[in-house]
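Working notes, beginning with the structure itself.
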Amino acid sequence: MRNIYIESFATFFRIGMFTLGGGYAMIPLIEQEVVNRHKWVTKEEMLDLIAISQSCPGVFAINLSTFIGYRLRKTRGAFCTSIGTAMPSFLCILLIAMFFHQFEDNNVVAAIFRGIRPAVVALIAVPTFDLARSAHINWANCWIPIVGALAIWAFGVSPILIILIAGIGGYVYGKFIKPTEP
């Protein structure tokens, strides 16, 4: 008999260990493990959990793993998945902090990090496009995320304000504008 706590910890530890680029780069791995392999949540639930995780304060990857763990086994499940996600980064940072002074001016290390940066952008771009497709973003409504991103980037609008406006707009659209289906 499999222990769901150990299995969820190990799954999220592995995801945390082999993902560079932060929480958004983890989305494809989390989806592969949680939705496709273990079937702990559905694709639709995953999309909702991603949206909730983005809306909550804190680290996105930890938020997402916490919500998935809570969905599995309430507080204990949330604890296992959160610790599993955070532990690899904690250990890596601890090792780097212990030895950073020995290689901080190393040209090879600097070149490696310059090479990693574009790969991280790609790791973030792929799940963004997958999420857009799952959220049914098309040519008719693609202006919403574009205007939101531009408002944040170009005009310094608070992301919280963008989320609030989008939530209110979605409510108004769903309640008053969208035609009801028979």
Side-chain angles (χ1 to χ4, degrees), residues 1-100 103 109 112-113 115-137 145 148-149 152 158-160 162-164 166-167 170:
M1 183 175 154
R2 296 183 321 206
N3 183 325
I4 189 69
Y5 300 110
I6 294 171
E7 188 174 5
S8 62
F9 173 85
T11 297
F12 279 90
F13 186 88
R14 222 176 18 258
I15 290 168
M17 181 77 86
F18 295 107
T19 306
L20 297 174
Y24 294 100
M26 288 180 166
I27 292 173
L29 290 174
I30 292 173
E31 185 175 346
Q32 176 62 33
E33 289 289 321
V34 171
V35 176
N36 300 336
R37 182 168 177 234
H38 295 290
K39 299 188 185 336
W40 289 334
V41 297
T42 66
K43 178 96 168 152
E44 293 77 23
E45 289 172 323
M46 181 71 175
L47 186 60
D48 291 341
L49 292 173
I50 289 169
I52 292 168
S53 299
Q54 290 174 324
S55 302
C56 292
V59 178
F60 171 73
I62 300 295
N63 290 348
L64 183 56
S65 64
T66 301
F67 287 130
I68 291 169
Y70 189 82
R71 169 85 170 67
L72 284 174
R73 291 289 189 269
K74 304 294 181 208
T75 303
R76 288 182 184 171
F79 181 77
C80 289
T81 55
S82 299
I83 296 299
T85 302
M87 186 66 69
S89 297
F90 173 77
L91 295 174
C92 286
I93 291 169
L94 184 63
L95 286 172
I96 289 170
M98 290 169 53
F99 301 107
F100 183 71
F103 62 86
V109 172
I112 289 170
F113 281 115
I116 289 174
R117 286 184 194 129
V120 169
V121 171
L123 288 171
I124 293 171
V126 169
T128 300
F129 291 120
D130 288 344
L131 285 172
R133 194 172 329 144
S134 298
H136 305 294
I137 295 177
I152 293 168
S158 169
I160 295 169
I162 298 295
I163 291 169
L164 288 174

Exercise. So Leu91 and Met17, side-chain contact (heavy atoms from CB on, under 4.5 Å) or not? Walk me through it.
Worked result: CA-CA 10 Å; Leu91 295 174; Met17 181 77 86; 6.0 Å; no

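- Between Glu7 and His38 the shortest heavy-atom distance is OE2-CE1, 3.0 Å.
- Taking CD of Glu45 as the reference point, atom CD1 of Ile68 lies at 10.0 Å (rounded to 0.5 Å).
- Taken from CD1 in Ile137 to CZ in Phe129, the straight-line distance is 10.5 Å, to the nearest 0.5 Å.
- Scanning all heavy atoms of the two residues, the minimum distance from Leu64 to Ser53 falls at CA-OG, 3.1 Å.
- In this structure, CZ on Phe13 lies 13.5 Å from OG on Ser8, to the nearest 0.5 angstrom.
- In this structure, Arg14 and Leu29 have side chains that are not in contact, with every pair of non-hydrogen atoms separated by 4.5 Å or more.
- Residues Arg117 and Val121 are not in side-chain contact: their nearest non-hydrogen atoms beyond the backbone lie 4.5 Å or more apart.
- Heavy atoms of other residues, nucleotides or ligands lying less than 6.0 angstrom from CD1 of Ile160 number 12 at most.
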Problem set entry | Derivation and outcome, side-chain contact (heavy atoms from CB on, under 4.5 Å), residues Tyr5 and Leu72 | CA-CA 9 Å; Tyr5 300 110; Leu72 284 174; over 6 Å; no

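- Every pair passing side chain to side chain donor-acceptor pair (under 3.5 Å) that includes a residue from residues 58-69 is listed here, sequence neighbours excluded: Ser65-Thr85, Thr66-Ser82.
- Across every non-hydrogen atom of Phe12 and Trp40, the tightest pair is CE1-CZ3, 4.3 Å.
- Residues Tyr70 and Leu49 have side chains not in contact (no heavy-atom distance under 4.5 Å, counting atoms from C-beta outward).
- Considering every non-hydrogen atom in both Val35 and Lys43, the closest pair reads CG1-N, 3.8 Å.
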For this session: List the steps, then state whether side-chain contact (heavy atoms from CB on, under 4.5 Å) holds for Asn3 with Phe9.
Result: CA-CA 10 Å; Asn3 183 325; Phe9 173 85; over 6 Å; no

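- The main-chain N or O of Asn36 is found under 3.5 Å from a side-chain atom of Lys39 such that the two form a donor-acceptor pair.
- Counting all heavy atoms, side chain and backbone alike, Ala86 lies closest to Ile62 at CB-CD1, 3.6 Å.
- In this structure, Ile50 CD1 and Ile27 CD1 are separated by 4.5 Å, a value rounded to the nearest 0.5 Å.
- Among all heavy-atom pairs drawn from Met26 and Ala61, the shortest one is SD-CB, 3.4 Å.
- The 12-atom threshold is not exceeded at CZ of Phe79, counting heavy atoms of other residues, nucleotides or ligands nearer than 6.0 Å.
- Judged as a side-chain contact (heavy atoms from CB on, under 4.5 Å), and not counting sequence neighbours, the contacts of Ala25 are Thr19, Leu123.
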